[in-house]
Amino acid sequence: EAPGTEQELTDGFHLVIDALKLNGINTIYNVPGIPITDLGRMAQAAGIRVISFRHEQNAGYAAGIAGYLTKKPGVCLTVSAPGFLNGLTALAHATTNCYPMILVSGSSEREIVDLQQGDYEEMDQLAIAKPLCKAAYRVLHAQDIGIGFARAIRAAVSGRPGGVYLDLPAKLFGQVMNAEAGQKSLVKVIDAAPAQIPSPASVKRALDVLKSAKRPLIILGKGAAYAQADEEIKSFVEKSGVPFLPMSMAKGLLPDTHPQCAGAARSTVLKESDVVMLIGARLNWLLSHGKGKSWGEAPKKFIQVDIEPKEMDSNVEIVAPVVGDIGSVVSAFNQAMGSGWTAPPAEWTNAVSSKREENVAKMAPKLMNNKSPMDYHGALGVLKNVIKDYPEAILVNEGANTLDLARGVIDMYKPRKRLDVGTWGVMGIGMGQAIAATLETGHPVLAVEGDSAFGFSGMEVETICRYNLPICVVIFNNDGIYRGTDVNGANSDPATTVFVKGARYDKMMEAFGGVGVNATSPDELKRAVNEAMASGKPTLINAVIDPAAGSESGRIGNLNPQSVLQKK
Ligand code: OXT
Ligand code: ADP
Ligand code: MG
């Protein structure tokens, strides 16, 4: 070889890998194929952890939740058109939930796509992705790979986090350029998510409104959990003495057993509070848009802390908007409060505590039943104790009844330990989120899954076994969606909501070398889950639930459209 030839060249493949590594992105969630198979191989050889899934949607959900857990964009890598579209649902989900994620898809040749001449997996991916994410970019030249990734990273994590699409046409990977120039073209993103300091006037206004309250409430959302300002938030809440209500994924930011937690008095605090401070929670459907029956009759003032200015006044008037990142805002609150803050009237805090104790006491006996087949409470009573014993474990949760009842029953003790269906109530996040959660944090996962919910990502149990991950999946098998008791009166087809009766999901895990257990009573369930948590072996427990135990759509049956003409 003549000196000064091949050694001095680099190519698109290597520049992509170098750009990721330079920016501290050490994991890729992917499904291989043309044109990105070699990229995955080379990334693995270069020390990046490349996790191969069975379906891009699950790889995408993994990347999204990795972003939520780490504040760095989770990267999902797919092939063109169909692989891209499979990943796109997860990208839209990440954007909706404010998770930083980058979907990197290989694509077909521009010349052919743009003339619509029928290339292999032809699709104008960039145009399709654009309306479904925060930003979308395409890189056509090897020397632009560095800047392309820098833009994607910054767009994903700065301001309100979200999904970014990066389009890499197949030809890019093989483009070569001078290696030194290539290295120089890379960009290490400096201060990718700059602090956004709130204005002192907005901080003062918010605290003045909070101080004036007779019945204040703080609502913590998953934005507060994402911010990783755990200590600041805890000291703010405790100094204020105000009851707090955690949204689903904010559970554990302060323990659900904290004396100020109003999770078990939800309807009371929503109705009766006079001032509500939202921290990283939107007034969307999950909070009934801040109005109507669930918010009661009494006039209410809202304070909102959010990084996104457009979020203010989205549904109701916000009398004290505080725009900034939650870490900066809450520490400004803490400073401005000083040491002379007066707690809210005892009449209010006592009323909240006694409502909460009443609800907890009402639930307690239901959790102790040892029925077989199990009902939801009997099974969840067991899992509540598992999380109490393993507070570091991450709970992944999806389903309808399985979701809503687990949210109420299972107390969380630490931040970012509850990962669920998020803003869209989407089924299918389960196995992808479980896999990323343990890979990104090193902690074991307990995935509590409706039998329908599990079906959306069930094939990934092979992935769990392949990487030998400490994930225990518990399937609440009630023979169907909401219930397993529906009957079709019209013909011999099964009813639309029921599945094969007595199905044995545990056998799926055994097929790939994991541990499968069929549990028909709380005692059996307890034994099996404890064994799984102790061993760390991939485990799937088929928990047999009474098919009649659930209710239509869990806690949100009211959202099903009704007609006076309805005939079943
Ligand atoms: O204060 P009150 O008295 O009101 O009481 C409240 C609390 O104070 C109290 N509580 C407690 N009491 C005692 N102790 C404790 N610790 C405690 N904690 C709380 O309990 C009550 C209730 O509290 P909660 O839950 O906080 O309050 P509430 O009123 O429920 O809150 C309202 C909401 C809206 C915030 C809450 O309900 C919520 O977050 N809901 C999320 C709902 C959701 O997202 N659901 C998922 C979607 S459902 C449906 O769409 C499904 N699909 C369609 C489909 C989807 N989703 N996706 C895709 C891609 N395709 C299709 C499907 C297919 S679900 C589904 C499958 C379902 O079947 P499965 O087999 O999977 O599941 P099963 O149903 O089990 O069969
Ligand atoms: P939940 O579903 O828990 O109510 P949402 O997803 O509706 O939570 O709301 C999260 C909010 O948090 C979004 O409006 C988002 O802009 C905001 N957010 C996310 N990260 C930050 C941050 N670091 N600082 C301030 N706000 C943030
Ligand atoms: Mg079910």
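Remember, it's 1-based here, ligands and their atoms both numbered in the order they're listed.
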Closest to atom 51 (C) of ligand 1 (heavy atoms only, candidates Trp424, Tyr482, Phe499, Phe454) is Tyr482
At under 4.0 Å between heavy atoms, what of Tyr376 touches ligand 1? The answer is side chain
Flag Gly480 as yes if one of its N/O/S atoms falls below 2.8 Å of the Mg ion (ligand 3), otherwise no. yes
> Can Gly428 be said to touch ligand 1, with heavy atoms closer than 4.0 Å?
Replying inline: no
protein heavy-atom neighbour closest to atom 4 (O) of ligand 1 works out as Ser267 OG, 2.8 Å
Review point. Less than 4.5 Å apart, any side-chain heavy atom of Pro216 and any of Met277?
Key: no
Ala453 heavy atoms within 4.0 Å reach ligand 1 at atoms 71 (O)
For this session: Identify whether the distance between the nearest side-chain nitrogen and carboxylate oxygen of Lys301 and Glu317 falls below 4.0 Å.
Result: no
Nearest non-hydrogen protein atom to atom 55 (C) of ligand 1, with distance, is Met427 CG, 3.5 Å
At under 4.0 Å between heavy atoms, what of Arg407 touches ligand 1? The answer is side chain
Test item: side-chain donor near acceptor, Arg418 and Asn397, under 3.5 Å:
yes
How about Asn477: does one of its N, O or S atoms come closer than 2.8 Å to the Mg ion (ligand 3)? no
The atom of Asp451 among N, O or S that is nearest the Mg ion (ligand 3) is OD1
Residue, atom and distance of the protein heavy atom nearest atom 45 (N) of ligand 1 read Leu403 CD2, 3.5 Å
- ligand 2 N/O within reach of Asp306 N/O, cut-off under 3.5 Å: yes
